[in-house]
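Have a look at the structure below, then the notes.
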Amino acid sequence: MAQTSDNPLAIEIQKAEGVYLYAENKTYIDCISGISVSNLGHSNPVINEALKNQIDKHLHLMVYGEMIQSTQVQLAEKLAAYLPSNLQSVYFVNSGSEAIEGAMKLAKRYTGRSRFVAQEYAYHGSTHGALSLMSEPYFSHSFAPLLPGIDFLRQNSRSKINNLITRETAAVFIEPIMGEKGYLPCTIPYLQAIRKRCDETGALLIFDEIQTGYGRTGSLFAFQDLEVVPDVLVLAKGFGGGLPLGAFISSNKIMEVLTDNPVLGHITTFGGHPLSCAASLAALNYLHDESVMATIPEKENLFRNLLQHPKIKRIDGKGLMLALVFEDTQFCRKVIDACVESGLLIDWFLYAENRIRLSPPLIISKEQIEIVSGIIIENIQKQCNLEQ
Ligand code: PMP
């Protein structure tokens, strides 16, 4: 197998259930969820049942958009019922990066423009288009040339909004909570200023809710708490209920441009695979039926109350995407390693090396949160003792 780094976790997991990952001689509590994917826990029986039912009906039939596949239609209808009137047309793809690519093409085709604005330290994916939206040359320069005409806003600073978003801008890409910068939420006045400028210039406002969507912040979608509605909503990760699925969602009027001149403006063979749509639909129903979102604020508060230690300077983030902020990067790394050694899977961030990422399955219980917090505090203290 090709490797993505010299130091993968390399833990062999044989079975996963709820928040637990089982290796041969060790059990891990999963507080990463495969980076915000397994929102409803591993081997969730409701999702498994939906998958079994779909397997008995059919798997792949034809490239996306040709056949009427009832599971896709039901999922699109259900999503539309939760979304405002300008987000009623769903294009299903395979991944987050592909959904971002689709959204970029949609914006270019709809506006007839080619420039984009993104945020410094954003992460939107690893394909050429998505990589172009990344401000950090370390990750992108080796793959140059990427797309030209990309400008970067500093998150929550309004000073450059009017200069950078112009009548040449096709779209502005925003993560409502910046993922790889360490779970930093956008402020409402900043988002409102961007929304206003997009309306003035005709640029599309695109929210990447690939990590924040499907309940993670305590709402089905993070934008629902933000008083700002995007023109395009991008989903993936938890959206697939544990299977590969992405989507970009917009209005019928905007989405129509992909059907004509050229016809097949975006094509995907496996996009909206029936198994992925079955899992996503089951996840959506489960989030609603089990009132999962209503439990999130209490769980967030419990983490915040229990995770108190002089070494933890602050906890950023919202809902069950939380970042523990340390002063010292080395210390932070050692705590992460020690926790993994103790059977707790936590993780770091691409652009914020002094932070610990907590992104557990949303179904984590209060007792499990107490255990997790205990392991973290214990390992912080052990590390302090070692350094004395
Ligand atoms: N956008 C965000 C905010 C993400 O967190 C990710 C994945 N980490 C992506 C886009 C890309 O998604 P994928 O890995 O499915 O291509």
Side-chain angles (χ1 to χ4, degrees), residues 2 4-5 9 32-39 91-107 116-136 139-140 143 146-147 150 152-153 155 171-186 191 205-217 221-223 226 230 232-249 266 268 270-273 276 279-280 283 316-323 347-352 355 357-359:
T4 55
S5 80
L9 278 171
I32 311 177
S33 308
I35 315 281
S36 308
V37 170
S38 320
N39 285 5
Y91 195 121
F92 291 118
V93 292
N94 299 280
S95 69
S97 299
E98 191 192 352
I100 293 288
E101 298 293 330
M104 292 179 89
K105 286 169 69 185
L106 178 71
F116 292 101
V117 172
Q119 297 188 105
E120 288 174 0
Y121 300 106
Y123 182 83
H124 294 292
S126 193
T127 49
H128 273 84
L131 209 51
S132 308
L133 301 173
M134 222 172 187
S135 64
E136 281 308 276
F139 289 104
S140 54
F143 307 105
L146 296 172
L147 286 181
I150 317 278
F152 295 99
L153 290 172
Q155 191 196 23
V172 180
F173 281 83
I174 299 287
E175 289 168 81
I177 297 178
M178 288 193 76
E180 295 307 323
K181 187 66 182 139
Y183 289 166
L184 297 175
C186 293
L191 292 176
L205 177 56
I206 300 181
F207 277 2
D208 176 341
E209 290 230 30
I210 288 170
Q211 280 206 49
T212 53
Y214 259 38
R216 186 146 289 279
T217 65
F221 305 110
F223 84 86
L226 291 174
V232 182
L233 179 67
V234 183
L235 302 176
K237 287 194 181 275
F239 173 55
L243 273 80
L245 183 66
F248 52 104
I249 304 176
H266 187 75
T268 167
F270 281 126
H273 191 281
S276 303
S280 178
D316 279 341
K318 184 169 182 213
L320 290 186
M321 50 193 299
L322 296 172
D347 204 9
W348 44 280
F349 293 96
L350 217 51
Y351 302 130
R355 286 164 182 248
R357 181 199 303 263
L358 278 184
S359 180

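Counting convention: from 1, in listed order, for ligands and their atoms alike. These figures come from a predicted structure and were not determined experimentally.
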- Query: Just checking, any donor-acceptor pair under 3.5 angstrom between side chains of Glu209 and Thr212?
  - Reply: yes
- Task: Report yes if Glu98 has an N/O atom closer than 3.5 Å to an N/O atom of ligand 1; otherwise report no.
- Result: no
- Query: Gly125 heavy atoms, cut-off 4.0 Å: which ligand 1 atoms fall inside?
  - Reply: 10 (C), 11 (C)
- Are any of the N or O atoms of Ser97 closer than 3.5 Å to those of ligand 1? yes
- Just which atoms of ligand 1 are under 4.0 Å from any heavy atom in Lys237? 4 (C), 5 (O), 6 (C), 7 (C), 8 (N)
- Message: Testing the 3.5 Å rule here: is there a donor-acceptor pair between the side chains of Asn94 and Thr268?
- Response: yes
- Taking only heavy atoms of Gln211 into account, list the atoms of ligand 1 that are under 4.0 Å away from them. 5 (O)
- Quick one: do Phe173 and His124 satisfy ring pair (Phe, Tyr, Trp, His ring centres under 6.0 Å)? Show the steps, please. CA-CA 9 Å; Phe173 281 83; His124 294 292; 5.7 Å; yes
- Query: Does a donor on one side chain sit under 3.5 Å from an acceptor on the other, for Ser36 and Ser359?
  - Reply: yes
- Would you mind running through ligand 1 and noting each atom that sits below 4.0 Å from a heavy atom of Gly96? 12 (O), 13 (P), 15 (O), 16 (O)
- Task: Could you pull out the closest heavy-atom pair between Gly240 and Ala279, with the gap in Å?
- Result: O-CB, 3.4 Å
- Can you pull out the closest protein heavy atom to atom 1 (N) of ligand 1? Residue, atom name and distance to 0.1 Å, please. Asp208 OD2, 2.7 Å
- Query: ligand 1 and Tyr123, any nitrogen or oxygen pair closer than 3.5 angstrom?
  - Reply: yes
- Contact check: Ile210 vs ligand 1, nitrogen or oxygen atoms, below 3.5 angstrom: no
- Electrostatic pair Glu180-Arg357, nearest N-O below 4.0 angstrom: yes
- Message: Between Asn39 and Lys237, is there a side-chain heavy-atom distance shorter than 4.5 Å?
- Response: no
- Which of the atoms in ligand 1, numbered in the order shown and given with their element, are less than 4.0 Å from a heavy-atom of Glu175? 3 (C)
